[in-house]
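Worksheet for the structure shown next.
For reference, positions follow the sequence shown, starting with 1.
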Amino acid sequence: MQTYPCPTKQFTRRSFCLSTLLLAVSLHGSSAAVHAQDVLRIPYVADIGTFDPDNGFETGAVSAINNVYEGLVQYEPGSTKIVGLLAKSWEISDNGLTYTFHLVNGVKFHDGTAFNAAAVIKSFERRRDRGLILSYFLANVKDMRAPDDSTVVLTLGHPQPSLLDALSSPWGPKIVSPVALARHDNGDFATTWLNEHAVGTGPFKLAEFKRGQRYVLERNDDYWGDEPFFRQIFISIVPDISQQILQLQAGAIDAVPINYPFAQLTSLPAGLEITAVPSMIPYDLFVKPNSPLDDADVRKAILAAINPALWVKDAFGEFASLARSVYPNVMLDPMNPIRFPTDFEAAKATIAKHGSVNLVIGLHSAAPSYGRIADLMIAQLALIGVKATAYVLPSGAAYNLKHDPNPPDLLLTIAGPDAAHPENQAKVFFTKDGSLNFFGRALPEADAIVDEAGQLTDVKKRDALYERAGQMYFDAGIVIPLVDVDDVVVHVKGLKNLGLRPVNPPGNIDFATVRWGP
């Protein structure tokens, strides 16, 4: 059963259009439930590990956490533009070491505690100094001061032009009620309590946390900013995409945020529609050392065979674009895009001359897109005489490949950054000490260029250096960028302003902006 927008133009804070209440199939399939137009029902593929904004790298739950908690700044929906949130303005000193933030007045936490500069310092110190998972975001902040209730001053150890991007990241520092932190410390800095509880300043409050079952967010009626359209966000855990699709078609949920099969997007049932935006979802191949691709001629032949221009539409239809560099297209527009060889006959001749070439491709995930890309590349490689196989890596195995005695020759993964600055791509995935340099490969001359670029505030000069280093990583056979895939959400007709952001993991609808509309 399909739901439809209320004929009235808008809802008041505590009322909704009763004429639009429709009977829908229960999420458990055993009974019927009345669905109000001011309740948004969203499924998650995976459970929430923790609701602690400082101590977990949640991906599917980013929108829930970021609608309960807020940081100083954020990325504007649909953009990488940095705008104020709890900070209304800021200044950066000429030497790039001091950032002064001027805070929004009149903000309260969900427990009624007044928001002020001291609360910011308390939360930032918790993240930086307590050994929490996301502490690296503030590692370069050497001093924090609150000259008054409305001002926060951060002093860096060295210039870091990417700092505002780090603060804007979906995983960037959020502000937690200092009263809640003190009350629930128990010697663990409140990490246990914050796994399943939350006290932020955001437009929604965490009202119910039923691990493995459901999560409920309630609108914060005392929110300092624009009032959200929806009174309640009901989040269910539905790991099976086919079940999500059935529930969407039955009117039991309002969207399938991720993993809707691309092959089915051109023939959606009546009553459903698509919101798709460019995103930082780059599918890349990382190459192990001492693989067949170490031979430059063999690598050139393999690149000709797996050229994504040959298969991108088969895999993703109109919802992907060819990678132009080792950085997501939304992040950096290169002057000289990476080019794949196109001479198939030369590639076949190279492999015939070289002799038998066998490749093993490890897939970071069992998600259908990984298997589809692998199948298409394997078929293309067979055309030039290369035998390739693929398998799904065990959970977490991709992060230990540099220590694996028998790793795959290639790792197919989404190499998405945690912020929109090119440093967040290069320093994480490509440089020697990058936390996600999967095979631990090093190219010191390129790393030095990345270090130089990271000190620049001139975006044009900065990007030119990052592009140069990226081309070097590609030419050395360390990484092969393939395609950037759009963020695609399938939902009931009439759902508008989903607030998708390029840096966010796919499918993270912004509950503060989404609404029903004409």
Side-chain angles (χ1 to χ4, degrees), residues 3 6 10-18 20-22 24 26-28 33-44 47-48 50-53 58 60-71 74 85-86 106-115 170 174-177 179-181 183-184 190 193-238 252-255 257 491 495-499 507-516:
T3 58
C6 175
Q10 62 182 12
F11 297 109
T12 62
R13 176 172 289 178
R14 293 184 172 85
S15 66
F16 54 86
C17 182
L18 294 177
T20 58
L21 297 181
L22 299 176
S26 164
L27 288 174
H28 300 288
V34 173
H35 169 51
Q37 284 282 302
D38 64 347
V39 177
L40 182 68
R41 303 158 304 165
I42 299 294
Y44 281 178
D47 201 8
I48 299 175
T50 178
F51 219 84
D52 188 333
E58 296 294 323
V62 160
S63 59
I65 294 171
N66 288 353
N67 272 276
V68 171
Y69 293 105
E70 296 176 306
Q74 66 175 345
L85 192 53
L86 290 175
V107 178
K108 290 185 178 181
F109 290 95
H110 299 156
D111 60 4
T113 303
F115 165 78
K174 306 300 186 295
I175 318 303
V176 187
S177 164
V179 171
L181 288 177
R183 182 175 296 157
H184 300 287
W193 189 79
L194 286 173
N195 278 336
E196 299 184 0
H197 302 84
V199 185
T201 60
F204 286 91
K205 301 178 181 181
L206 179 60
E208 187 174 3
F209 191 106
K210 295 290 186 182
R211 189 173 294 281
Q213 301 178 46
R214 64 182 180 274
Y215 306 93
V216 178
L217 306 183
E218 295 282 356
R219 185 168 56 203
N220 175 14
D221 287 338
D222 293 322
Y223 184 53
W224 62 272
D226 293 337
E227 179 183 86
F229 180 87
F230 287 100
R231 174 182 57 84
Q232 185 181 86
I233 311 297
F234 187 94
I235 300 167
S236 56
I237 307 302
V238 187
I253 58 176
D254 297 310
H491 54 83
L495 207 59
K496 305 294 182 184
N497 300 343
L498 272 62
N508 273 277
I509 297 168
D510 189 340
F511 304 139
T513 64
V514 65
R515 60 178 293 113
W516 293 115

>> Is any side-chain heavy atom of I237 closer than 4.5 Å to one of Y215?
In response: yes

> side-chain contact (heavy atoms from CB on, under 4.5 Å) with F109: which of T201, D222, V176?
Replying inline: T201

> Do W516 and L495 touch side chain to side chain, with heavy atoms closer than 4.5 Å?
Replying inline: yes

>> Tell me whether R183 at atom CZ has more than 12 heavy atoms from other residues, nucleotides or ligands lying less than 6.0 Å away.
In response: no

> Where is the tightest heavy-atom contact between W224 and L85, given as atom of each residue plus distance?
Replying inline: CH2-O, 3.4 Å

> Side chains of K496 and F229: closer than 4.5 Å at any heavy-atom pair?
Replying inline: no

>> Between H197 (side chain only) and F209 (backbone N and O only), is there a donor and an acceptor less than 3.5 Å apart?
In response: no

> What's the spacing between F204 CZ and N66 CG if we round to 0.5 Å?
Replying inline: 13.0 Å

> If you measure from CG on L217 to CD on E208, what distance do you get to the nearest 0.5 Å?
Replying inline: 10.5 Å

>> So which atom in P203 and which in A512 form the shortest heavy-atom distance, rounded to 0.1 Å?
In response: CG-CB, 3.8 Å

> Rounded to the nearest 0.5 Å, how far does CD of Q37 lie from CZ of F230?
Replying inline: 7.5 Å

> What's the shortest heavy-atom distance between V62 and N508, and which atoms?
Replying inline: N-OD1, 3.2 Å

> Quick one: are K174 and E70 in side-chain contact, heavy atoms under 4.5 Å?
Replying inline: no

> Does the side chain of Y44 come within less than 4.5 Å of S63's, by heavy atoms?
Replying inline: yes

> Is R515 reaching over with its side chain to a backbone N or O of P228, donor-acceptor style, under 3.5 angstrom?
Replying inline: no

> Is any side-chain heavy atom of F234 less than 4.5 Å from a side-chain heavy atom of V216?
Replying inline: yes

> Looking at CG of D254 and CD1 of I42, how far apart are the two atoms once the value is rounded to the nearest 0.5 Å?
Replying inline: 6.0 Å

> Minimum heavy-atom separation for I235 to A64, with atom names?
Replying inline: CD1-CB, 4.1 Å

> Between N220 and G202, is there a donor-acceptor pair closer than 3.5 Å when you use the side chain of the first and the backbone of the second?
Replying inline: yes

>> If you define the side chain from C-beta out and look only at heavy atoms, does anything of H110 sit under 4.5 Å from L206?
In response: no

> Rounded to the nearest 0.5 Å, what separation is found between the CG atom of D47 and the CD atom of Q213?
Replying inline: 9.5 Å

> Minimum heavy-atom separation for L498 to H491, with atom names?
Replying inline: CD2-CD2, 3.9 Å

> How many angstroms lie between atom CG of L194 and atom CG of D52, to the nearest 0.5 angstrom?
Replying inline: 5.0 Å

>> Can you give me the closest heavy-atom contact between T50 and I65, atom names plus distance?
In response: O-CD1, 3.9 Å

>> Is there a side-chain contact between D38 and Q232 in this structure, where contact means two heavy atoms from C-beta onward sitting under 4.5 Å apart?
In response: no

